[in-house]
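Report on one structure; see the data block that follows.
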Amino acid sequence: MKHLTLLFVAFVFFSTSASAEALASLISQIEQLQITRQGYTLGAVLTDAQKKIASEHKVQAASPGTMKFKDGNLFVVTDEKSDRVIVLYEHHDAATRKEVQEMVGDLFFVFDSPTVMAHNRTIYWAYGEDGKISEEQFEEAKKDASAFKVLATVKLDSTLPITTSDKEEKPESSDKPPYVYYIISSEAVLKALNL
């Protein structure tokens, strides 16, 4: 029985160690993509100045093992153990058409042409090992799912149409005020952290 216990402990130790190494490698790979907002880079460790902002502007984190803070309009979520950035997002409630246009324009300026635009309300910029995935690469990958692996995304979602005339100001059918947000994250990292 003692040998079985030791074997189990060794298995758990090496499994945890291997998964920690795989996670560190994944986060490092995502950091190399240089997906940045307001000086915060997805996957990067907070700088001392950013840690100071974090300590002064902490907000309630949604998940255990994470820390969340606000820098201006930007929310930053980090892994508590490593201080690495795992999510960046900005959200505007009661958004105006102008706020939607400004956010879309800003993201286009920073991230260039998107990978996908859906239903005139959602835009995705997807990133693989070699950087941003173009719309053409995405269309090709639909035919062959193994063509690339998405490591990170920038997603913008709006209840107001992204491209429309000024007359169409309100969301199609909602009692709630319109909103717009973007989120920068890696589904692979969030899954690995059980978030």
Side-chain angles (χ1 to χ4, degrees), residues 16 19-20 22-111 114-115 118 121-127 132 150-160 162 170-171 174-195:
T16 304
S19 61
L23 177 61
S25 173
L26 175 63
I27 290 176
S28 178
Q29 191 176 16
I30 287 164
E31 180 183 5
Q32 297 305 309
L33 295 171
Q34 290 297 297
I35 304 170
T36 303
R37 288 297 287 165
Q38 289 180 214
Y40 296 93
T41 300
L42 190 65
V45 176
L46 294 175
T47 65
D48 289 340
Q50 291 168 340
K51 286 177 188 175
K52 186 174 189 300
I53 292 167
S55 68
E56 293 170 355
H57 300 281
K58 222 180 249 194
V59 294
Q60 180 71 39
S63 302
T66 64
M67 177 184 64
K68 180 174 161 184
F69 64 96
K70 195 171 181 188
D71 186 349
N73 288 326
L74 182 70
F75 286 93
V76 181
V77 181
T78 63
D79 173 51
E80 274 187 328
K81 289 181 186 171
S82 65
D83 279 334
R84 287 188 179 269
V85 176
I86 55 174
V87 175
L88 296 162
Y89 73 94
E90 191 174 329
H91 189 283
H92 292 279
D93 291 318
T96 64
R97 183 92 194 103
K98 184 178 179 193
E99 284 177 318
V100 172
Q101 289 173 332
E102 285 174 355
M103 188 177 284
V104 169
D106 185 38
L107 293 176
F108 266 78
F109 180 74
V110 174
F111 300 114
T115 304
R121 298 185 189 271
T122 306
I123 303 174
Y124 287 96
W125 289 263
Y127 290 80
K132 191 178 73 166
V150 174
L151 292 177
T153 58
V154 178
K155 176 190 174 187
L156 176 131
D157 193 53
S158 172
T159 53
L160 289 171
I162 292 166
K170 297 205 182 257
S174 175
D175 308 353
K176 298 178 182 177
Y179 67 82
V180 62
Y181 75 88
Y182 69 82
I183 183 166
I184 301 171
S185 63
S186 166
E187 189 177 337
V189 168
L190 296 178
K191 278 184 180 174
L193 292 170
N194 297 314
L195 301 175

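In this text, all values refer to a predicted model and were calculated from it rather than measured experimentally.
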Q) Relative to Phe75, does Lys68 satisfy both conditions: NZ or CZ under 6.0 angstrom from the six-membered ring centre, and within 45 degrees of the ring's axis? A) yes

Q: Starting from the C-alpha separation in whole Å, work towards a yes-or-no answer on side chain to side chain contact (heavy atoms under 4.5 Å, CB included) for Ile27 and Val189.
A: CA-CA 7 Å; Ile27 290 176; Val189 168; 3.8 Å; yes

Side-chain heavy-atom pair [X], [Y] within 4.5 angstrom cut-off:
X	Y	answer
Val180	Leu156	yes
Lys81	Leu193	no
Tyr124	Val150	no
Thr96	Leu160	no
Val85	Val77	no
Lys70	Val76	no
Val87	Leu42	no

Q) Picking from Met67, Arg84, Lys52, what satisfies side-chain contact (heavy atoms from CB on, under 4.5 Å) with Leu46? A) Met67

Rounded to the nearest 0.5 Å, what separation is found between the [atom1] atom of [X] and the [atom2] atom of [Y]?
X	Y	atom1	atom2	answer
Leu74	Gln38	CG	CD	4.5 Å
Met103	Ile123	CE	CD1	11.0 Å
Glu187	Lys155	CD	NZ	11.0 Å
Ser186	Ile30	OG	CD1	3.0 Å
Gln50	Phe69	CD	CZ	6.5 Å
Ser185	Ile35	OG	CD1	9.0 Å

Q) Tyr182 and Trp125: aromatic ring centres closer than 6.0 Å? A) no

Q | Aromatic centroids of Tyr181 and His92 separated by under 6.0 Å | A | no

(Q) For Asp83 and Thr78, which I'm curious about, is there any donor-acceptor pair between the side chains at under 3.5 Å? (A) no

Where do [X] and [Y] come nearest, in terms of heavy atoms and distance?
X	Y	value
Phe108	Pro114	CE2-CD, 3.4 Å
Glu99	Ala94	OE1-O, 3.9 Å
Thr159	Pro178	OG1-CA, 3.0 Å

Q. Under the side chain to side chain contact (heavy atoms under 4.5 Å, CB included) criterion, do Thr115 and Thr153 qualify, and how do the steps go?
A. CA-CA 10 Å; Thr115 304; Thr153 58; over 6 Å; no

(Q) Taking Thr36's backbone N and O only, do any of them form a donor-acceptor pair with Thr41's side chain (distance below 3.5 Å, no angle check)? (A) no

(Q) Under a 4.0 Å threshold between the charged nitrogen and the carboxylate oxygen, would Arg37 count as salt-bridged to Asp71? (A) no

Q: Look at the rings of Tyr127 and Phe111 and say which category their plane angle falls in: under 30° parallel, 30 to 60° tilted, over 60° perpendicular.
A: perpendicular

